[in-house]
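What follows is a short report on a single structure.
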Amino acid sequence: MAGSYAATALAGLLHAAPAIAGGPRSQRWAPLPTRFGAGRRRHAAVSSWHRRRVVAASSQNGGRFGLASNSELQVAVKPAASGGAAVEIELVATNAGGALALHWGARKPGRSEWVLPARRPEGTRTVDDAALRTPFKSAGSNSTLKIEIDDPALESIEFVVVDEAQNKWFKNNGQNFLIHIRQHSAPAATNTSFSSERITRKNRDVMQLLSKHTSKSADVNKPTEATPDRSPTVLDLFLKSLQENNGCQVLCKKVFKLGEKEILALLSEVQGKFKVYLATNHVEPLILHWALAKKAGEWKAPPPDVAPVGSTLLEMACESSFSDAELDGLHYQVLEIELDADSYKGMPFVLRSDQTWIKNNTSDFYLDFSRRTAKTSEDSSGASKGTAKALLETIADLEGDAQKSFMHRFNIASDLVEQAQDAGQFGFAGLLVWMRFMATRQLIWNKNYNVKPREISQAQDRFTDSLQSLYKMYPQYREMLRMILAAVGRGGQGDVGQRIRDEILVIQRNNNCMGGMMEEWHQKLHNNTSPDDVVICQALMDYMNSDLDIKVYWDTLNKNGITKERLLSYDHPIHSEPNLTREQKEGLLRDLTNYMRSLKAVHSGADLESAIGTCTGYTAESQGFMVGVEVNPVKGLPSGFPELLKFVLDHIEDKSVESLVEGLLEARAALRPLLLSSTDRLKDLIFLDIALDSTVRTAVERSYENLNNASPEKIMYFISLVVENLALSTDDNEDLLYCLKGWNHALEMSKKSDNQWALYAKAFLDRTRLALATKGEEYHNILQPSAEYLGSLLGIEQWTLSIFTEEIIRSGSAASLSVLLNRLDPVLRSIANLGSWQIISPVEVAGYVVVVDQLLTVQDQTYDKPTVLVVKGVKGEEEIPDGVVAVLTPDMPDVLSHVSVRARNSKVLFATCFDPNIFSELQQYEGKVLSLKPGSVDINYREIAENELLVSSSPDTPDGQSAPSLSLVKKQFLGKYAISADEFSDEKVGAKSRNIAYLNGKVPSWVSVPTSVALPFGTFETVLSDKTNKEVAQKVQILTDKLNQGESSALNEIRNVLLNLTAPTDLVKELKEKMQGSGMPWPGDEGEQRWEQAWMAIKKVWASKWNERAYFSTRKVKLDHANLSMAVLVQEVVSADYAFVIHTTNPSSGESSEIYAEVVKGLGETLVGAFPGRAMSFVCKKDNLDSPKVLGYPSKPIGLFIKKSVIFRSDSNGEDLEGYAGAGLYDSVPMDKEEEVVLDYTNDPLITDCSFRNSILSNIARTGHAIEELYGSPQDIEGVVKDGKIYVVQTRPQM
């Protein structure tokens, strides 16, 4: 359960080494000693620590090293007096009290394993046949030791110093000491992909890691794996005949396995009557032992009139015989039961063949009648909206049974897999939520039920096998299925599960610990093993390694969520504390280390070493313990993969984690092709991948302190590693892979001292943040409704439910990535001289300013008016108070923090201010009303009057309040449905059309203007009044009356009704003539369907007059909405490479000598519409148009592209009304749907080619300057670039 006990248990292992107290990493085991070329088997508890890699800085030829505050170790290497190849190493520990010893071994060139030299100082003893322990000799206040090495094949000695009296271990800055004793020539080059200290990553294309499974909604639940054809079985034929001959409707069905045979159970409705049919291809005669259930787990005998003829009624059940039948020469048995299905929830049953009872594995068979309500995956009503409602209610009904034991829970989960599969994404979300509730101990694990560990293991294996099958069938859901598997754990059919029960007895017997806490734990294990046992085992090992310090035992338990009360709550409670002796220590550590393997094999899906052992194979190592236990390796592992995993294990506790993380990622990348295949042991590989992923996360978290003073390049490199790790765990990871390519490119730019590297890196930092936020929203939309609905059914505490999705996100690599981004952001801002704000949740708001010290102190308050909180301290875990519309702070909480998520979900402006002067100024506004408008990099704020706040915070302007006095003159239809550009006038079209017509022939020759025609003012009203649209007009009038009475829901209804308009014949004829006469393509020439597409686009433009935003904006300024007229500008779409918007006066500074422009890849809708991310921005002096200055590189992840088409642009009489910002309120609609493309900027010449970029940006600036001079006033210009040529599609006065 990677999110809870497994992750914390693994973290405990990874952080165990610095304490060392009782011995080196005794809780680790070495699964692959011979496979990795270790030479011979060594005791698992010690060998992996001995084989540990050291960083190059720890490797020396001698010198002085600090041991304690006033003690040092002096090491000298010289030729031995005996001559020949012998070398003498002299060690002196100054001011060293106590009984020091050297724990050591020697190493050969290029090898990590310790060799135990035959020539040893007096008093040397071996430790577990894996290391040597040699005592120092006291010499006054010092301790000395001389070692002579005469084996010329040995290159160095590796050691730590041990104070055996106090059980202290001294290392060299957290690493082993490594002393070179002779030089060897470099080994010949090999084909391996790594050295002893660092791997060399394979030079693979990042896009080989692409996972893209976007499905059409209609196909979202269909498996993508091809299913081979098979001949229909007799049960298939029975079902077909039932439906064809009897005319029955199958309401729900379930097929159960009976060994190699099957039984089909179904509920059907025939002419208003409900019938249950059971059909089986089982050969021997069968008796159905059955009942009916009104609630989960109930067995209730059916009424006598329901029982089939010849049945025997019992006290709580009924027994009925199957009848023989035949179809197409195939024999089967069948039973039919007619009943009132609405009175019951389901039918439990078992089968009897002679005196043999047949069950569904270890559970009863159960036909769930409620399954018939689960025909769609999404419920749309109330609290269960966005969930597989029927599945969640079934889970809740069965939770009472599931609480009996893990065996019951996993068997029930297996039975529900088919229902979840039918419900698709929401079904899998329901399973994940349920398993997460279990993994995080929100549900009871065992309730008065004695179950064998083998049975738990079998049930767990059955469930994980089902998940493995789904993983193969549904690539689009692999990410969610991985999370379910991580929550469940690996399982272990038979052997591994039973060993949990058997081995504890061996441990007790071998180590003479038959009573006390060990016996209580034994009884608990025999009754019901659970993931808690992993933690208990770890706590016992930590206790013994700490010289029997009972505080360490409790620390380990408590850190992993196990309290004294929890120990006492088990059916077989653990009352006692461990009370062991030093004499028991060595044997218990050995045996518990091996026992931990069994526990993790069943419970810990994310444990790295057990996952490696399961995939690469191992055989039990200890004498007389776990004899005969063997796990075979998975077939088809990549060449060199075991050696790569050995490298990972050898570096697992390195203080510097860079090479470890590289090794982990190389292992994941090498493993990935196997995860896409259909190997029989796929789930073992999935669990290995989950474990590698988890270890990357814990390793990166361990590196935070070392990165405090790291260079920006080092942080960027770590970011690239974590982005790669996240991409390897993510479905639809295209955006993340392009982020990864961007970070790699930024690193290359930095190495080349490109002066744009920080600005470029900042764009990819923003894009990566956006990817995290998008992923968070996706998880929230998919998982949170199921968590809240199922949680309400199961009585889960509300605070747990409210942070459910948040905790899912933060338990993965996304949280680590977010921390690293936060560290790098201010550094890049400083280097690139960027703005003063980080905008986490961009929302335009207004409110009263309130200044507080800490958000935590006011999070429970309710503000009765719109409030802008200026907060000095935000930690990240607080709630946003009710009534707050904005939170501004100098703190930089994580983008995935609780408060950030809350702000985005609640549409609250949330931003970090990096400039102390701006923040101080904001504090001075306390009690006043501020309007805040976030831009691309900064927040524009100004003080406003209270009456302006009332206007801006309500769609309706109350009577009696001042508002701008603006008016619109209703335009009349002048007799033509369509006009060409030379007919454009202010009586016929809006300023958008007129300006385009004016530009034609007046702009420089290197600037093109698209050919245009228009549907003039009044056309819409004339079409609506046409007799063919009488019914539509009547509906619009009724809805308009509702709207005038304040029913704003009528807006959406009006828009939908208008889409039913029919085009008058004259309109079609005139538009065709004008378009063809202007040289534009006529959509109808491609078929009637193409004209219908064009006509639908026109209607959508007209209907946008009733957009909510547009409608309420007219109300606020008291414009008569009825007088707003909508012309439609028709233009041929230029399939743009880039789109741009120019402001010929810099809007940020007001500087009229400077042009400001933004550029996006593809169509301009991503620039002017609500698409996330930033465009490329630049400024250019009008007196130096050849030298544009880039202000920011693009971070927009999506570009829009379209084939050759026609676009219909809104052109109302209100869009350019002075004093009314009407631009952008209404829709422009292309005839064809744009294609959304995830953008890769690393191969875009606008980003990577300085000469190309300068040329394009200069031409854009020249275009703006030329048009401004043409009009004689500042202009807001839209245009595109195609094959280097500039097209202007619109211009208007700059507001």
Side-chain angles (χ1 to χ4, degrees), residues 2 208-216 218-230 254-257 260 262 361 377 388 391 410-411 413-432 435 458-493 605-606 611 614-615 632-638 641 667-693 727-733 782:
Q208 290 180 3
L209 307 179
L210 179 64
S211 175
K212 193 172 184 180
H213 302 295
T214 303
S215 304
K216 296 178 181 179
D219 300 328
V220 74
N221 293 336
K222 293 183 180 178
T224 59
E225 182 177 74
T227 303
D229 293 334
R230 63 177 178 87
K254 179 83 174 175
V255 177
F256 302 95
K257 289 288 185 181
E260 295 182 357
E262 295 177 327
N361 291 305
S377 63
L391 172 67
F410 293 140
N411 277 329
S414 297
D415 293 339
L416 293 176
V417 161
E418 186 179 340
Q419 184 174 353
Q421 181 180 348
D422 290 345
Q425 185 178 59
F426 291 108
F428 296 141
L431 281 184
L432 173 57
M435 291 299 108
Q458 290 172 338
Q460 193 171 6
D461 223 23
R462 178 186 169 216
F463 183 36
T464 53
D465 279 346
S466 297
L467 296 173
Q468 173 184 259
S469 297
L470 294 172
Y471 187 93
K472 294 177 183 179
M473 294 172 63
Y474 297 95
Q476 66 270 39
Y477 299 137
R478 282 177 177 165
E479 185 177 345
M480 198 178 302
L481 291 165
R482 274 172 59 94
M483 289 191 283
I484 300 173
L485 284 163
V488 172
R490 184 182 300 109
Q493 179 68 37
T614 300
C615 290
N632 294 320
V634 173
K635 295 178 181 178
L637 292 177
F641 193 61
R668 293 198 70 194
L671 187 61
R672 187 174 183 276
L674 291 180
L675 297 175
L676 305 179
S677 66
S678 297
T679 175
D680 289 339
R681 292 179 58 188
L682 178 60
K683 73 174 181 181
D684 289 333
L685 296 174
I686 297 171
F687 279 121
L688 174 57
D689 190 57
I690 291 170
L692 292 166
D693 177 14
L728 284 165
S729 303
T730 304
D731 293 338
D732 294 320
N733 62 5
I782 295 170

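For the numbers below, each heavy atom of this structure counts, side chains included, while hydrogens, waters and symmetry mates do not.
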- Calculate, to the nearest 0.5 Å, the distance between atoms CG and CG belonging to D422 and L416 respectively. 11.5 Å
- Please list, chain by chain and in numerical order, all residues satisfying side-chain hydrogen bond (donor to acceptor under 3.5 Å, both in side chains) with N411, sequence neighbours excluded. T362, R462
- Results of side chain to side chain contact (heavy atoms under 4.5 Å, CB included) for P638 - residues two or more places apart only: F641, A670, L674
- Task: Only counting residues at least two apart or in another chain, list the ones meeting salt bridge (Lys or Arg N to Asp or Glu O under 4.0 Å) with D731.
- Result: none
- Rounding to 0.5 Å, atoms OG (S677) and CG (L682) come to a distance of 6.5 Å
- Message: Holding to side-chain hydrogen bond (donor to acceptor under 3.5 Å, both in side chains), I want the full list of residues that pass it with S466, two or more places apart in sequence or in another chain.
- Response: none
- Aromatic ring pairing F428/Y477, orientation class (parallel under 30°, perpendicular over 60°, tilted between): perpendicular
- Query: What pairs with E479 under side-chain hydrogen bond (donor to acceptor under 3.5 Å, both in side chains), at least two apart in sequence or on another chain?
  - Reply: K775, Y779
- Stepwise side-chain contact (heavy atoms from CB on, under 4.5 Å) test for M480 and Q425: CA-CA 9 Å; M480 198 178 302; Q425 185 178 59; 4.1 Å; yes
- Heavy-atom nearest pair, A667 first then L692, reads CB-CD1, 4.0 Å
- Task: Among L485, L467, V488, find the one that has a side chain to side chain contact (heavy atoms under 4.5 Å, CB included) with M435.
- Result: V488
- Message: Set out, in order, the CA-CA distance, both residues' side-chain angles and the distance that settles side-chain contact (heavy atoms from CB on, under 4.5 Å) for S211 and T730, then state yes or no.
- Response: CA-CA 8 Å; S211 175; T730 304; over 6 Å; no
- Write down the atom of C615, the atom of D684, and the distance for their closest heavy-atom approach. SG-O, 3.2 Å
- Task: Could you check if a side-chain atom of P475 sits within less than 4.5 angstrom of a side-chain atom of R478, using non-hydrogen atoms only?
- Result: yes
- Got L209 and L728 here, is their nearest side-chain heavy-atom distance under 4.5 Å? yes
- Heavy-atom nearest pair, A611 first then A691, reads CB-CB, 4.0 Å
- Message: List the residues meeting salt bridge (Lys or Arg N to Asp or Glu O under 4.0 Å) with K635, not counting sequence neighbours, and say none if there are none.
- Response: none
- Message: Once rounded to the nearest 0.5 Å, what's the spacing between atom NZ of K683 and atom CG of D461?
- Response: 3.5 Å
- Task: Return the minimal non-hydrogen interatomic distance between T614 and R681, and the atom names on each side.
- Result: O-NH2, 2.6 Å
- Item | With Q208 via side-chain hydrogen bond (donor to acceptor under 3.5 Å, both in side chains) - residues at least two apart | none
- Item | Gap between atom CD1 of I686 and atom CG of L671 - 0.5 Å precision | 9.5 Å
- Check the pair L675, Y471 against side-chain contact (heavy atoms from CB on, under 4.5 Å), reporting the backbone distance first and the verdict last. CA-CA 9 Å; L675 297 175; Y471 187 93; 4.0 Å; yes
- Calculate, to the nearest 0.5 Å, the distance between atoms CD and CG belonging to Q458 and D465 respectively. 11.5 Å
- Message: So M473 and L481, do their side chains get closer than 4.5 Å, heavy atoms only?
- Response: no
- Item | Over all atoms of both residues, closest heavy-atom pair of S729 and R482 | OG-NH2, 3.5 Å
- Item | Nearest non-hydrogen partners of L470 and Q421, listed with the distance | CD2-OE1, 3.6 Å
- Sequence neighbours left out, what passes salt bridge (Lys or Arg N to Asp or Glu O under 4.0 Å) with R668? Give chain and number order. D689, D693
- Query: Does L210 have any side chain to side chain contact (heavy atoms under 4.5 Å, CB included) partners at least two apart in sequence or in another chain, and if so, which?
  - Reply: M207, K212, N733, E734, L737
